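Computed from a predicted model, the values in this text were never measured in an experiment. Letters A, B, ... mirror the listed sequences (proteins, then strands); counts begin at 1.
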Amino acid sequence: MNTIPPQGQQPPYRHLVRLPAGDLSVYAGQELFAALDYKVFEMANNNLQIPGIRYMSYTPDVHVGVGTCIGTTAVWDEADGYVSPSIVGSDIGCGMRVHLTPLHKDDIRDVKLRRKLVKTIEKYLPMEANQRGHYGDIRLEHIVRKGLHGLPKKYIPDSYTPKKSTSLSHVERSKFTYDEEVLNLVEEAAWHRAHRQLGTLGGGNHFAEIQTLEIAESSREIAEAWGMFDGQVAVMIHSGSRAWGGYVSRMSSAAIAKAMHRLGLGTSDPNLKFAPLEHPEGLHYVNMMYSALNYAVVNRHLIAYSIREAFRDVFGPACEFRTLYDLMHNYAWSEQHEQHGNVFVHRKGATRALPAGHPDNPKPYQETGHPALIPGSMGTSSYIMVGQSGGYDNFYSICHGAGRARSRTATKRLVSLSDFEQALGVGTAEEVVVNQRSLESIIDESPQAYKNVDEIIDSVTGAGLAAVVAKCKPLAAVKGAK
DNA sequence: ATGTAC
């Protein structure tokens, strides 16, 4: 294994790993790189055997997943390219959303007020497993076909909307267009389930957090242009496409497995599924995946709408709730790159962070670059970043979070309830208020389950991929039940 | 991740 410092970069942050099947770029500081599980390299070697792969890299938060690591960027030429449901992952369209309020952290310094806020959020946002969403009046068909543009107008309120633009322009993409014929094959039960679940958070690492911003001095100008200020209360949401994405992933993976058998394709890992983009099974997956991306962006929009209702209850109806941004970290789509032309880019647990002036920035962020939203673990900070030109070589991919350090079962063995309470500051004035009555039920989400997000962020900034605009400190967290 | 599961 060679560690070659690319030209013009600090040696420790990018490692070129020459594997038997091809080259892998790993963006990670020296210590994180040295600590990587050898299994992530085995996995890379399998992924690199998919025909025609042009580029593959890992982010510093990389860890083992099913078929492909979480933290992967993998690129094909669009012509004769391949698509892989394993390099998208099963929570298709999973991603982050941030809203800005006019409140200052001093406005919710009182622990009791934070409790009240969390309780009120629970009134509007269902979080029990199997609990149905509050959006039965919305036609699921419109959502999966048209994304945010399929929403009834009343769900796109003015105060959700920064002046002189619409909240629909403050998202990575508001609508995915595809061959809607594929929807005819979806089973009735899947429609039904997904309709019931619309606007719900889900379990596992999904969350909604009330946070307060600390602006990075070196990015103050950008922060102000984005409407952010020191001490501002913001809401960060992490969720995906719920059972709809799971259904798409399961059905397509089964169909693609059959196609692979027919075509004589495969690697030593039976969980790594892929098909040529132009074959019926590949095309079908891409179409269905886009329906799930539409579902996911609407789901986060509606979760935010529910939380906005709670803020209006507690702080009055004048409390603004502006959309800062919404973006994904599990998806594949076409992009144009200066040097590479039309490419098909997969990101699994990787966030796109475009720099200032890049033409793919949505209009409101054309001049600054768009916000890249990076969650930490519960009780630790999250980050709002912006891409730098140094991201060019990596197709502008950066990390997607802290990255799991140990499995859920290992975490439950290792972490005691009092460890977890201490991490959340339970009993102190700074307590991160959590909605779950029993912390024990979410102990596998304790900070000890994750890597230190600050080190991950250091790797990203050190490599010149992105810069920190604001650090987001948690004040309260809302987690779904298993 | 998921109304899991060859």
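Checking the phosphate oxygens (OP1, OP2) of B/dT2, a side-chain nitrogen or oxygen of A/R242 falls inside 4.0 Å. At least one side-chain nitrogen or oxygen of A/R250 sits closer than 4.0 Å to the OP1 or OP2 atom of B/dA5.
Contact check on A/E431 versus A/R115 returns a salt bridge, with a Lys/Arg side-chain nitrogen under 4.0 Å from an Asp/Glu carboxylate oxygen. Using a cut-off of 4.0 Å between Lys/Arg side-chain N and Asp/Glu carboxylate O, A/E281 and A/K273 are scored as not salt-bridged.
Residue A/G89 is classed as having no contact, given no heavy-atom separation below 4.0 Å to the nucleic acid. If you check every strand for non-hydrogen atoms under 4.0 Å, A/G245 touches nothing. Contacts of A/N205 with the nucleic acid, taken as non-hydrogen atoms under 4.0 Å apart, involve only primed sugar atoms and P, OP1 or OP2. As judged by a 4.0 angstrom heavy-atom cut-off over every strand, A/G204 is placed among residues touching the sugar-phosphate backbone only. The residue A/R196 sits close to a base: some heavy atom pair falls under 4.0 Å. As judged by a 4.0 angstrom heavy-atom cut-off over every strand, A/R408 is placed among residues touching the sugar-phosphate backbone only.
Distance, A/R300 CZ to B/dA1 C1': 13 Å, rounded to whole Å. A/W244 places its CH2 atom 17 Å from the P atom of B/dT4, with the value rounded to the nearest Å. Taking atom NE2 on A/H238 and atom C1' on B/dT2, their separation rounds to 14 Å, with Å as the unit. Regarding A/N271, its CG atom lies at a distance of 19 Å from the P atom of B/dT2, rounded to whole Å. Here the P atom of nucleotide B/dG3 and the CG atom of A/L140 are 14 Å apart, to the nearest Å. Atom pair A/Y247:OH and B/dG3:C1' shows a separation of 14 Å (rounding to whole Å applied). Spacing between atom CE of A/M251 and atom C1' of B/dT4 amounts to 14 Å, rounded to whole angstrom units. The interatomic distance linking A/E187 (CD) with B/dT2 (C1') rounds to 15 Å, in whole Å.
Between A/W76 and A/H346, the angle of the ring planes goes over 60°, which puts this pair in the perpendicular group of the 30/60° scheme.
Annotation for A/S382 and A/Q211: closest pair OG-NE2, 3.4 Å, computed over non-hydrogen atoms.
Across B/dT2, B/dA5, B/dG3, the shortest atom-to-atom separation from the side chain of A/H206 is found for B/dT2.
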(message) Could you walk me through whether A/K123 and A/D313 satisfy the salt bridge (charged side-chain N to carboxylate O under 4.0 Å, His left out) test, starting with their C-alpha distance in whole Å, then the side-chain angles of each, then the deciding distance to 0.1 Å, before giving a yes or no?
(response) CA-CA 11 Å; A/K123 194 171 115 190; A/D313 269 14; 3.2 Å; yes
